[in-house]
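Computation of the quantities below employed the complete heavy-atom set of this structure, encompassing side-chain atoms and omitting hydrogens, waters and symmetry-equivalent molecules. Numbers here simply count residues along the sequence, with the first being 1.
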Amino acid sequence: MTKVTLYIAASLDGYIARSDGGIDWLSILDIEEEDYGYGAFYESIDAIVLGSNTHEVGLGFDKIEKALTEQYCTSF
C-alpha cells in the first residue's frame with residue numbers, strides 16, 4: 001500500500017499568500033541555514049504533487065528548489 005502524506009500550510013483565512021500573491025510575510029520566520037525539517041521530509045518521500053503556482057514560487061527558494069528538481073514532481 002502506498003503511503004500519502006499531506007503537507008500543507010495556510011493562514012487563518014485559509015490562504016498562505018496575500019491577495020496579490022505575495023508571501024513576503026513568511027520572511028519573518030526565515031533563519032539562515034535552517035531548513036525547518038524539509039531536508040528530512042524530502043529524503044523520506046518518492047514524489048511531490050503541487051499546484052502549478054506553488055511549484056513556480058518554490059523554484060525561487062534555494063532550500064526548496066533542490067527538492068523540486070531532484071524528486072519526481074508533478075503540478076496541476
Residue pairs meeting salt bridge (charged side-chain N to carboxylate O under 4.0 Å, His left out), one or both in residues 4-13, sequence neighbours left out, come to none
Connected via hydrophobic side-chain network under 4.5 Å: Tyr42 and Val4: no
Among residues two or more places apart or on two chains, list those pairs meeting salt bridge (charged side-chain N to carboxylate O under 4.0 Å, His left out) that have a residue in residues 51-61. none
Rounded to the nearest 0.5 Å, the CD1 atom of Ile45 sits from the NZ atom of Lys3 at a distance of 11.0 Å
Can you pull out every salt bridge (charged side-chain N to carboxylate O under 4.0 Å, His left out) where at least one residue sits in residues 18-28? Sequence neighbours excluded, please. Arg18-Asp24
